[in-house]
Protein chains: 2
Amino acid sequence: MVTIAAPRLIDRLRSQRTQAPEGDLFDPDCPTRLVLDRIGDKWTALVVLLLSDGPMRFSELRGQLGRIAPKVLTQTLRRMERDGLLTREVFAEVPPRVQYTLTDLGHSLSGPLAAIGDWAEANVGRITAAQTAYDAVPGN
Amino acid sequence: MVTIAAPRLIDRLRSQRTQAPEGDLFDPDCPTRLVLDRIGDKWTALVVLLLSDGPMRFSELRGQLGRIAPKVLTQTLRRMERDGLLTREVFAEVPPRVQYTLTDLGHSLSGPLAAIGDWAEANVGRITAAQTAYDAVPGN
DNA sequence: CCGCATCCGCGATGATACTG
DNA sequence: CAGTATCATCGCGGATGCGG
């Protein structure tokens, strides 16, 4: 029933790659790997999805994420700012307010990420089922 | 110029969630988080993309991935097998041969993953540029 | 050829407490 | 409110060597 196939990446892989256009995921030395690392860290993907709806401030993000240490959230946001995924605006008010806004680059990532997220939410059941089935076999 | 938005996930987040249909990414206790962890680990995504083109054996994967320790590849493949993403077939030949094949579940993941991969390859330049720009500012 | 066993470093994550 | 500082942990990922 499932007939999705991965197109461009694999094609480029099969053909002898002489010069990657921009980046090559399968080149161990290509910084493209860094992108996957970022996406894969525990919070970046969630932050992108949250901010895709509009700017948020620190506490809002913290509340939505739940159980994230302030230090970790700061680290995540700083790294994302460095990567150009979001911008940070500090308002000299009392009480202080800091607003985080997704850049165009960040917005362009939210689409693919949402697809992954939807897939995850749709298929958790199958995965956990597969896990228990696997664990039920004595050999494993 | 970029106008992509993340749809369903956020909608579900905004509306008071009484009962998630299957899983809820923003619930800290939902195993959906595990999915992101898997995707985010260093090799799973690449393995899915490689296998989306057809079955491969251990050594082939190892060669394409480049610089992966056998132990780590084994761990990755076992975990993916447990999660129901691929199947493992051992052929009693000399020399022995072990073939890894993507399941339907695994194939259904390759689409979204390829999108992420394409995004990564297309935007590495912007990211690294943003990084050097960020690092050039004395304050950071 | 496949991959298991052992040892290990290190970065990511977290809990807690404190400050402008 | 929005962080910073400090300490502790934990498991990924890697190196190396051996076995079926």
Side-chain angles (χ1 to χ4, degrees), chain A residues 26 28-29 31 33-47 50-51 55-83 86-101 131 134 137-140, chain B residues 28-29 31 33-47 50-51 55-83 86-101 131 139-140:
Chain A
F26 292 95
D29 295 323
R33 293 283 176 93
L34 281 179
V35 179
L36 282 192
D37 287 355
R38 292 299 144 72
I39 292 171
D41 84 352
K42 205 167 181 178
W43 303 107
T44 300
L46 277 335
V47 171
L50 283 173
L51 288 183
M56 281 196 191
R57 46 196 300 186
F58 193 86
S59 294
E60 287 181 291
L61 287 169
R62 221 195 141 181
Q64 294 288 356
L65 291 173
R67 284 198 218 133
I68 180 175
K71 188 196 73 171
V72 178
L73 181 54
T74 300
Q75 282 177 349
T76 304
L77 291 169
R78 288 289 203 282
R79 189 167 40 201
M80 292 175 71
E81 187 190 5
R82 191 173 104 98
D83 292 343
L86 53 80
T87 58
R88 181 171 174 268
E89 273 177 303
V90 185
F91 296 91
E93 306 170 358
V94 270
R97 188 164 62 100
V98 181
Q99 187 173 274
Y100 295 91
T101 309
Q131 288 177 348
Y134 184 91
V137 178
N140 307 322
Chain B
D29 296 322
R33 293 282 178 92
L34 282 179
V35 178
L36 283 191
D37 288 355
R38 291 300 144 70
I39 292 169
D41 84 352
K42 205 169 181 176
W43 304 107
T44 300
L46 296 177
V47 170
L50 284 173
L51 289 183
M56 281 197 191
R57 46 193 301 183
F58 192 87
S59 293
E60 285 179 291
L61 287 169
R62 221 195 141 179
Q64 294 289 357
L65 291 173
R67 284 199 220 136
I68 180 177
K71 187 197 77 168
V72 178
L73 181 53
T74 299
Q75 283 179 347
T76 304
L77 293 170
R78 287 292 201 277
R79 191 165 41 202
M80 294 175 69
E81 187 191 4
R82 191 174 102 98
D83 292 344
L86 54 79
T87 58
R88 180 171 174 268
E89 273 177 304
V90 186
F91 296 90
E93 306 170 0
V94 269
R97 186 166 63 98
V98 181
Q99 191 174 48
Y100 295 91
T101 309
Q131 287 176 348
N140 308 321

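In what follows, chains are A, B, ... by sequence order, proteins preceding strands, each numbered from 1.
- Under the rule for a side chain to side chain contact (heavy atoms under 4.5 Å, CB included), A:Val94 has no partner lying at least two apart in sequence or in another chain.
- Legend: side chain to side chain donor-acceptor pair (under 3.5 Å) pairs involving residues 72-83 of chain B, not counting sequence neighbours, sorted by first then second residue: A:Gln131-B:Asp83, A:Asp135-B:Arg82, B:Arg38-B:Asp83, B:Asp41-B:Arg79.
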In B/S/- notation (B base, S sugar-phosphate only, - none; protein heavy atoms under 4.0 Å), nucleotides 3-19 of chain C written 5' to 3' is SSBBB-----BBB----

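- Listed by chain and residue number, A:Gln99, A:Thr101 satisfy the side chain to side chain contact (heavy atoms under 4.5 Å, CB included) test with A:Pro55 (two or more places apart in sequence, or in another chain).
- Under the side chain to side chain contact (heavy atoms under 4.5 Å, CB included) criterion, A:Ser59 pairs with no residue at all, not counting sequence neighbours.
- Between B:Leu65 and B:Leu50 the shortest side-chain heavy-atom distance falls below 4.5 Å.
- Residues forming a side-chain hydrogen bond (donor to acceptor under 3.5 Å, both in side chains) with A:Arg62 (at least two apart in sequence, or on another chain): none.
- Residues that satisfy the side chain to side chain contact (heavy atoms under 4.5 Å, CB included) test with A:Val90, not counting sequence neighbours, are A:Arg88, A:Val98.
- Scanning DNA chain D 5' to 3' for nucleotides with an atom closer than 4.0 angstrom to a non-hydrogen atom of chain B gives a first and last hit of D:dG13 to D:dG20.
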